[in-house]
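Take a look at the structure set out below.
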Amino acid sequence: MTIRTRFAPSPTGYLHIGGVRTALFSWLHACHNGGQFVMRIEDTDRLRSTQASVDAILEGMQWLGLDWDEGPFYQTQRFPRYTEVINELLEHDLAYPCYCSREALETMREQQKAAGIKPRYDRRCRDRTAPPPPGVEPVIRFKNPLEGAVEFDDVIRGRIVISNQELDDLIIARPDGTPTYNFTVVVDDMDMAITDVIRGDDHVNNTPRQINIFNALGAQAPRYAHVPMILGGDGKRLSKRHGAVSVLEYREQGFLPEALLNYLLRLGWSHGDQEIFSREEMVDLFDLGTVNHSASTFNAQKLVWLNEHYIKTGDLTDKVARFGEMLAADGLNLEHGPAVRDVYEVQMERAKTLVEMVEKSRVFYTPFPGFDEKAAHKYLKLVVAEPLEALRNRWQRLPDWRAEPIHDVLKQFVAETGIKFGKIAQPVRVAITGTAVSPALDKTLWLLGQEQSMQRLSHALAWIRSRESG
RNA sequence: GCUCCCUUCGUCUAGCGGUUAGGACACCGGCCUCUCACGCCGGUAACAGGAGUUCGAUUCUCCUAGGGAGCGCCA
């Protein structure tokens, strides 16, 4: 039987880190086994579901390259099917209408809590024989077995047993006939022939209910694998309080999909001491059964480390393209300046994110930004004016404006004049970038271009002389 | 409150009865060096507690503590 997994988010919010990891594990499990991955949107909550969320989820999945074989299916388009199954259940006396009001249910729960017992529906309508009260549209409840226990072997956690006495008769349809979650998942997983349900462990308590519905429907329940939660830095479940929620936010912040995926893979799963996994290795090595049992804390610093790694590793094409987009989005005119790829290759050793890279690269695409006061004060002194000018003149005559010859000129200048490398390098750096920090000097000059470099050096010289004399 | 689940350095983790308890991020030193980084070398740091089982427990069992999840006409 071919393995079929699915990712079934509800579009009531954005796709966040926890969801992405569940999606990744589902995708990997399908790929690893040569199976299929299905995308399904659980939008039965029409009040909270939004198209914007659907779009963000799908876009996030695409950005990460978690492509699906089937779907996306929308539950709101399957209502006739759910109604059909509900009627089937009703006919076979496996479900029943319940006329209890929300208020009555609420007071019942409060009484139960006060009595120290688990709040759950007391089944008062299960064996109701009285005629339906007029004017009340009932909900439909599933007849959960009264005795026995549900046992299942979680792929990750092993055997889990829950007594039916812990379970009440859950509502499967609202008064208006719209179905509810625990019911639609079952119908969908059944109809879509899902073999392996991989989801967050906040669903373990729902699993026995769903298995009971599968049984009532005479269908074989899938295998279940409950992955542990991801916690925020405060040890609490990851939520909107922990910074960037949407995966797309990570894209905006300059993270690479391969970094995010690699990070998430290692959160709860490992392969010996290996930290870096290519997409092929992930698919090849991933094993659902060896996923950890315990929740793990999200650590942004390690994500950053992986991002640094992927910024400078592997094929650069996509990353350079993305970098170019971000430079343009920053309002920079890429026509006037060095090739984006050249800048990328120079900056990739020193940027943690693409956003940081953009910030550090503005200097190549804008007019001289002016001097950082502290840097200028420290390095642009009158004593350097003369050597700076001499050096400028040598560079001015350089016919081949590439990093290597630029560096040769500097080396020769230092050798001939006896000026220490460090004594002249920083003044040049400040002169051309305005700050004391930049990539290697020869590379910086090269990227800036000869004309621009000469202009800035002249400007700096004039600035030094006017400052010292004035 | 009830039910279910979890517990190795600060964090992510390796371990699958006998190890100086390993790796990674972060942190702290050092080297490299034209700045910032990269890189390299080194260091600090953990088996929640208690009973068993066993010649021997991080590893197996139970209890306690702590943490998480669920108990919706949300998914």
Side-chain angles (χ1 to χ4, degrees), chain A residues 8-13 42-45 47-49 75 98 100-102 105-106 109 112-121 137-141 154 157 160-163 165-168 170-176 178-182 184-185 199-208 226 228-229 231 233 235-237 263 266-276 292-306 308 312 347-352 360 375 379 407 410 414 420-430 433 435-442 444:
Chain A
S10 72
T12 53
E42 308 215 328
D43 53 355
T44 52
D45 184 350
L47 287 177
R48 278 178 266 199
S49 298
Q75 294 190 319
C98 167
C100 299
S101 68
R102 288 171 186 264
L105 260 21
E106 189 49 42
R109 281 191 203 102
Q112 287 166 329
K113 276 188 185 171
I117 59 172
K118 187 173 181 169
R120 43 146 119 62
Y121 181 59
E137 279 301 320
V139 298
I140 306 298
R141 286 185 185 270
D154 191 285
R157 288 156 205 272
I160 293 175
V161 181
I162 293 179
S163 167
Q165 291 180 10
E166 293 300 325
L167 276 22
D168 61 4
L170 74 162
I171 291 172
I172 58 177
R174 304 179 177 96
D176 64 0
T178 59
T180 61
Y181 167 73
N182 279 105
T184 55
V185 213
R199 48 166 41 159
D201 74 2
D202 47 339
H203 285 288
V204 287
N205 292 291
N206 286 326
T207 305
H226 289 97
M229 303 268 87
L231 276 21
K236 293 275 193 289
R237 185 178 171 173
Y263 175 74
R266 281 288 285 105
L267 207 56
W269 182 82
S270 62
H271 183 256
D273 288 335
Q274 188 170 347
E275 294 288 348
I276 304 294
N292 270 179
H293 297 184
S294 53
S296 37
T297 306
F298 182 78
N299 179 217
Q301 284 179 319
K302 189 154 184 182
L303 206 209
V304 168
W305 173 73
L306 282 161
E308 284 182 81
K312 57 192 173 196
Q347 300 283 215
M348 67 183 187
E349 291 292 339
R350 67 200 75 235
K352 296 181 192 304
K360 288 182 166 173
Y379 296 111
H407 188 75
L410 186 56
V414 167
K420 287 260 196 296
F421 207 114
K423 285 287 176 196
I424 193 67
Q426 278 304 83
V428 171
R429 173 168 281 114
V430 176
T433 69
T435 74
V437 177
S438 87
L441 211 49
D442 49 1
T444 304

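Below, chains carry the letters A, B, ... as their sequence lines are ordered, and counting in each starts from 1.
- Side-chain N/O atoms of A:Ser294 and A:Asn292 include no donor and acceptor closer than 3.5 Å.
- A distance of about 49 Å separates the C1' atoms of B:G18 and B:A75, rounded to the whole Å.
- Remark: the separation of the C1' atoms in B:A57 and B:C47 is 11 Å, to the nearest Å.
- By the salt bridge (Lys or Arg N to Asp or Glu O under 4.0 Å) test, A:Glu349 pairs with no residue at all, sequence neighbours left out.
- Counting non-hydrogen atoms under 4.0 angstrom, A:Thr44 reaches the backbone sugars and phosphates but no base.
- Both A:Ile117 and A:Leu441 sit near RNA chain B, but only A:Ile117 has its closest nucleotide nearer the 5' end.
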Readout for nucleotides 9-16 of chain B: B = base within 4.0 Å of protein heavy atom, S = sugar-phosphate only, - = neither; 5' to 3' it is --SBSS--
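- There is no side-chain donor-acceptor pair under 3.5 Å between A:Gln112 and A:Arg109.
- In terms of polar N and O atoms assigned as donor or acceptor, the side chain of A:Arg350 never comes within less than 3.5 Å of the base of B:C38 in a complementary pairing.
- Among the nucleotides B:G72, B:C5, B:C2, the one closest to any side-chain atom of A:Glu166 is B:C2.
- Spacing between B:G23 and B:U19 at atom C1', rounded to whole Å, works out to 15 Å.
- Here the nucleotide nearest the side chain of A:Tyr181, chosen from B:G72, B:A75, B:U35, is B:A75.
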